[in-house]
Amino acid sequence: MRVAIFDFDGTLYANETFQLLMKHLKNHPLYHNRYKKFFRSILPLYIGYKLKVYPESMLKERSMQFYLKVFKNFSTAELDTYFEELAEKMKKDFNPLVLSQVEQHTAEDIHIMLVSGAYTPLLHSVTKGLPFNTIIGTDIPIKGQTIDSNVPILHIQGNRKNKKIFAALEGETIDWENSFAYGDSYSDLSVLELVGNPVAVNPDAKLKKIAVEREWTII
């Protein structure tokens, strides 16, 4: 079996999900009053990151944890509605070149995967109608039908993506040499190196340097 693994932020979606999450909350007609508390909670983390005393990976994980606390005791239905609002905005900024690759690989009977640090239910909402066979994201803890924001999340980034990919494909024989992966940043390198056909999508400087040196496809 061949696979095609797609990153989300900066790849399928041309922008950054968390920036949109913040903007959506700040301007939301019902929940905007919760933004200040959320912003105050992440500000010390951001300052620590800018001072290079707090790693980016921890900043992302903790920021997503604090964002969930905004929706403490929300039902899964309420959260789904919130994510559907976001999905409508995000679809307008899908990269058409990447979408065409999804369609092409589907026609070639390749197993299509979306692997991202974004919240899993948001990924499902924004990709409705697209032919993804497997979607891997950051799961939201649920207790009954309610968000449990006190349970620590496991933010899917870096090598955690690889572990989740291998777990999802367990029991399958994968033709890695003839498989594909798409990513935009240096943090996607471990996934890109899994396959024989890595593709850098609008890559950041560090990834572009590697892509050029190794003669990878760049779009």
Side-chain angles (χ1 to χ4, degrees), residues 5-11 13 15-26 28 31-87 90 113-127 132 134-170 183 185-191:
I5 306 167
F6 290 84
D7 178 44
F8 187 66
D9 282 18
T11 304
Y13 175 55
N15 300 314
E16 294 294 324
T17 297
F18 201 76
Q19 291 179 6
L20 181 62
L21 284 167
M22 291 179 65
K23 184 177 179 180
H24 190 63
L25 177 62
K26 185 177 182 179
H28 199 280
Y31 311 129
H32 63 90
N33 59 326
R34 305 175 186 219
Y35 177 79
K36 287 184 179 179
K37 183 178 180 180
F38 159 72
F39 185 77
R40 286 196 299 268
S41 69
I42 68 167
L43 185 58
L45 305 179
Y46 183 73
I47 292 172
Y49 164 69
K50 295 301 287 185
L51 293 174
K52 298 183 179 180
V53 297
Y54 201 79
E56 184 179 11
S57 59
M58 290 300 297
L59 171 68
K60 290 180 177 180
E61 185 164 73
R62 295 297 293 158
S63 296
M64 291 188 72
Q65 185 81 55
F66 283 131
Y67 196 87
L68 279 187
K69 289 185 180 296
V70 170
F71 304 102
K72 184 178 181 180
N73 299 324
F74 266 46
S75 69
T76 53
E78 289 174 311
L79 189 64
D80 285 344
T81 298
Y82 184 81
F83 283 156
E84 285 168 5
E85 296 169 358
L86 278 163
M90 298 174 89
M113 306 181 75
L114 181 65
V115 184
S116 169
Y119 297 119
T120 307
L122 174 58
L123 292 174
H124 279 280
S125 183
V126 76
T127 58
F132 285 101
T134 301
I135 294 177
I136 296 171
T138 296
D139 292 335
I140 295 176
I142 301 295
K143 188 175 183 179
Q145 294 296 316
T146 304
I147 298 168
D148 190 347
S149 60
N150 292 320
V151 175
I153 63 169
L154 182 69
H155 183 229
I156 304 304
Q157 56 179 307
N159 287 325
R160 288 177 181 173
K161 289 186 176 183
N162 295 58
K163 292 178 181 179
K164 287 288 186 177
I165 290 167
F166 293 144
L169 298 173
E170 187 175 3
S185 71
Y186 182 76
S187 63
D188 298 317
L189 185 61
S190 62
V191 175

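The main-chain N or O of Phe38 is found under 3.5 Å from a side-chain atom of Ser41 such that the two form a donor-acceptor pair. The closest donor-acceptor contact from the side chain of Gln157 to the backbone of Ser187 lies at 3.5 Å or more, if one exists at all. Without hydrogens or angle criteria, Asn162 side chain to Ser190 main chain gives a donor-acceptor distance under 3.5 Å. Checked by atom type and distance alone, the side chain of Thr138 pairs as donor or acceptor with a backbone atom of Gly117 at under 3.5 Å.
Residues Gln65 and Ile153 approach most closely at OE1-N, 2.8 Å, considering heavy atoms. The two atoms that bring Pro152 and Pro141 nearest to each other are O-CG, 4.5 Å, heavy atoms only.
Here Tyr31 and Phe74 bring their ring centres to under 6.0 angstrom of each other.
Distance CG/Leu123 to CD1/Ile156: 10.5 Å, rounded to 0.5 Å. Between atom OG of residue Ser116 and atom CG of residue Leu122 there is a gap of 8.5 Å, rounded to the nearest 0.5 Å. Put simply, CG on Leu169 and CD1 on Ile5 are 7.0 Å apart, with the number rounded to the nearest 0.5 Å. To the nearest 0.5 Å, the span separating CG on Leu21 from CD on Glu16 amounts to 11.0 Å. Leu45 CG to Leu59 CG: the interatomic distance, rounded to the nearest 0.5 Å, is 6.0 Å. To the nearest 0.5 angstrom, Thr120 atom OG1 is 7.0 Å from Ile140 atom CD1.
Counting heavy atoms from C-beta on, the side chains of Tyr13 and Val126 never come closer than 4.5 Å. Between Gln19 and Lys23, every side-chain heavy-atom pair lies at or beyond the 4.5 Å cut-off. Residues Met90 and Thr17 meet the side-chain proximity criterion, which asks for heavy atoms closer than 4.5 Å. Within the 4.5 Å cutoff, the side chain of Leu68 has heavy atoms near those of the Tyr119 side chain. At a threshold of 4.5 Å between non-hydrogen side-chain atoms, the residues Val115 and Val191 do not count as touching. Residues Thr146 and Asp148 fail the side-chain proximity criterion, which asks for heavy atoms closer than 4.5 Å. Using a 4.5 Å heavy-atom threshold, the side chains of His155 and Arg160 count as touching. With contacts defined as side-chain heavy-atom distances shorter than 4.5 Å, the pair Leu114/Thr127 qualifies.
Evaluation of the side-chain hydrogen bond (donor to acceptor under 3.5 Å, both in side chains) test over residues 70-86, restricted to residues two or more places apart or in two chains, returns His24-Glu85, His28-Glu85, Tyr67-Tyr82, Ser75-Glu78, Thr76-Gln145. Evaluation of the side-chain hydrogen bond (donor to acceptor under 3.5 Å, both in side chains) test over residues 42-54, restricted to residues two or more places apart or in two chains, returns none.
Around the NZ atom of Lys26, the shell of radius 6.0 Å holds no more than 12 heavy atoms that belong to other residues, nucleotides or ligands.
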